[in-house]
Amino acid sequence: MTSGRRSGCRSARCVLCRRYVLLGLIIAWALVLESCSFFAGSAAPEPRPTLPLATLPASLGQRDIAEFYPTELASVGTGRQIYGKLCAECHGEEGAGDGPRSRQLGINPKDFGDHNLRDDVPPSWYYRAITKGVVGTAMLGWESQLIEQQRWDVTFFTWSLASSAESIARGRELYAEECAVCHGSDGLGGGPAASLADPRYLAGRSGEELLDAITGRVTNVDHDWSSELTNAEQRSIINYLWTFLYAP
Ligand code: HEC
Ligand code: HEC
């Protein structure tokens, strides 16, 4: 009764069982290889510099804090690799919204290189779109496939497409001349100056909001550069500010 094939099958010597185990191992290994080649990097976070937090001024209310913010410096280089593998087919190699699949989408992805289209939203919005998707469009969330670090990398890769290297370089100079005296060279100037480089603040600001701030919206200090800096110069400074959060 107790002997026979059914109990014998549990034996490690059973040829059939060993085949199944082998098959299982082969499948598991294939999945590991598949995920390695699918994602740009390994799924373990790479060591990165931590973004410094400041003491936020009391004038910043809870609604000024970004919905999502990075905790470490994002890498545009890693973001570019992920983008090429997962995003370019719809968004286009250069982010112009003209990937091979774009015509089937019903809605054209925006041109990431156009700062007029970017400057309405903060980086936390791009991160939200990449993490959760955009309801009612072909843009699905990547939360289960990319770790947080990879999602910030690709967020700032797409973000950086509207900031040219020349503009960032010019912005760095102008920032040193006009802003560092109060905001500090690292954007974390103390005192009443808002902590520009704090990711909780900066990831939640749109380009338009930052432009407003340097053209008179901050009323209790002399904080209006609209007559001293051209539009392009103001934008350069803003483009430079974002690089407090990512390595271009
Ligand atoms: C199947 C096509 C498709 C793929 C793949 C895709 N997207 Fe999208 N994406 C869209 C569409 C369509 C929209 C909505 C239109 C728009 O807002 O540009 C969108 C919206 C976005 C937005 C929001 C833009 C905004 O300002 O509202 C971001 C950011 C974005 N995608 C980034 C990415 C990244 C990064 C990847 C790869 C990880 C990716 N997308 C993959 C089609 C796609
Ligand atoms: C004279 C000192 C001073 C200089 C120079 C200065 N700022 Fe400020 N800035 C401040 C102070 C003080 C605040 C905080 C005001 C407040 O919270 O009401 C501030 C706030 C800001 C804010 C946040 C606005 C907000 O709505 O919270 C931004 C953005 C900003 N500054 C950008 C800049 C840039 C860019 C420059 C250079 C073009 C610059 N600032 C130069 C003192 C300065």
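First listed ligand is number 1; within each ligand, the first listed atom is number 1. None of these values were measured; they are calculated from a predicted model.
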Asp153 and Arg48: salt bridge (Lys or Arg N to Asp or Glu O under 4.0 Å), yes or no, with the steps? CA-CA 11 Å; Asp153 289 347; Arg48 298 273 174 78; 3.0 Å; yes
How close do Trp159 and Pro122 get, heavy atom to heavy atom, and via which atoms? CH2-C, 3.5 Å
Just to check, does Tyr201 reach to within less than 4.0 Å of ligand 2 when the distance is taken from its heavy atoms? yes
For Leu210, the ligand 2 atoms with a heavy-atom partner under 4.0 Å come out as 29 (C)
Among Gln234, Glu177, Glu178, closest by heavy atom to atom 5 (C) of ligand 2 is Glu178
Any N/O of Trp142 closer than 3.5 Å to an N/O of ligand 1? no
I need the contact type for Cys179 against ligand 2. Using non-hydrogen atoms and a strict under-4.0 Å cut-off, is it side chain, backbone, both or neither? both
Under 4.0 Å from a heavy atom of Cys182: give me the atoms of ligand 2 that qualify, with their elements. 1 (C), 2 (C), 3 (C), 4 (C), 5 (C), 42 (C), 43 (C)
Tyr83 contact mode with ligand 1 (heavy-atom cut-off under 4.0 Å): neither
Considering heavy atoms of the protein only, find what lies nearest to atom 26 (O) of ligand 1 and give residue, atom and distance to 0.1 Å. Lys110 NZ, 2.6 Å
Group every Ile, Leu, Val, Met, Phe, Trp and Tyr by side-chain heavy-atom contacts under 4.5 Å, then state whether Tyr175 and Leu229 land in the same group. yes
Verify whether the ring centers belonging to Tyr127 and Trp152 lie closer than 6.0 Å. yes
Here the atoms of ligand 1 under 4.0 Å from any heavy atom belonging to Leu105 are 1 (C), 2 (C), 12 (C)
Checking Thr243 side chain against Tyr246 main chain: does a donor-acceptor pair fall under 3.5 Å? no
Ignoring angles and geometry beyond distance, decide whether Arg101 reaches within less than 3.5 Å of ligand 1 through its nitrogen or oxygen atoms. no
Any atoms of ligand 2 less than 4.0 Å from a non-hydrogen atom of Ile237? List them with their elements. 35 (C), 38 (C)
Heavy-atom pairs closer than 4.0 Å: do any link ligand 2 to the side chain of Arg205, the backbone, both, or neither? neither
Show which atoms of ligand 2 fall inside a sub-4.0 Å distance from at least one heavy-atom site of Ile214. 32 (C), 33 (C), 34 (C), 35 (C)
Looking at ligand 1, is there an atom of it that comes within less than 4.0 Å of some heavy atom belonging to Tyr127? no
Phe157 to ligand 1, any heavy atom closer than 4.0 Å: no
How does Arg217 reach ligand 2, by side chain, by backbone, by both or by neither, if only non-hydrogen atoms under 4.0 Å count? side chain
For atom 12 (C) of ligand 1, which candidate among Val135, Ile107, Val154 holds the nearest heavy atom? Ile107
So, Tyr126 versus Phe112, ring centres under 6.0 angstrom or not? yes
Salt bridge check, Arg151 against Glu148: does any charged N sit closer than 4.0 Å to a carboxylate O? no
Which residue pairs satisfy the salt bridge (charged side-chain N to carboxylate O under 4.0 Å, His left out) criterion with at least one member in residues 223-232, sequence neighbours excluded? none
Contact partition for Trp225 relative to ligand 2, non-hydrogen atoms under 4.0 Å: side chain
Is atom 7 (N) of ligand 1 in close reach of the protein, with a heavy atom under 4.0 Å away? yes
Is Asp64 touching ligand 2 with its side chain, its backbone, both, or neither, if touching means heavy atoms under 4.0 Å apart? neither
Suppose I only count heavy atoms of Ala213 and a 4.0 Å limit; which atoms of ligand 2 are within that range? 24 (C), 28 (C), 29 (C)
Ligand 2 N/O within reach of His223 N/O, cut-off under 3.5 Å: yes
Is atom 8 (Fe) of ligand 2 under 2.8 Å from any N, O or S atom of His183? yes
What protein N/O/S atoms lie closer than 2.8 Å to atom 8 (Fe) of ligand 1? His91 NE2, Met139 SD
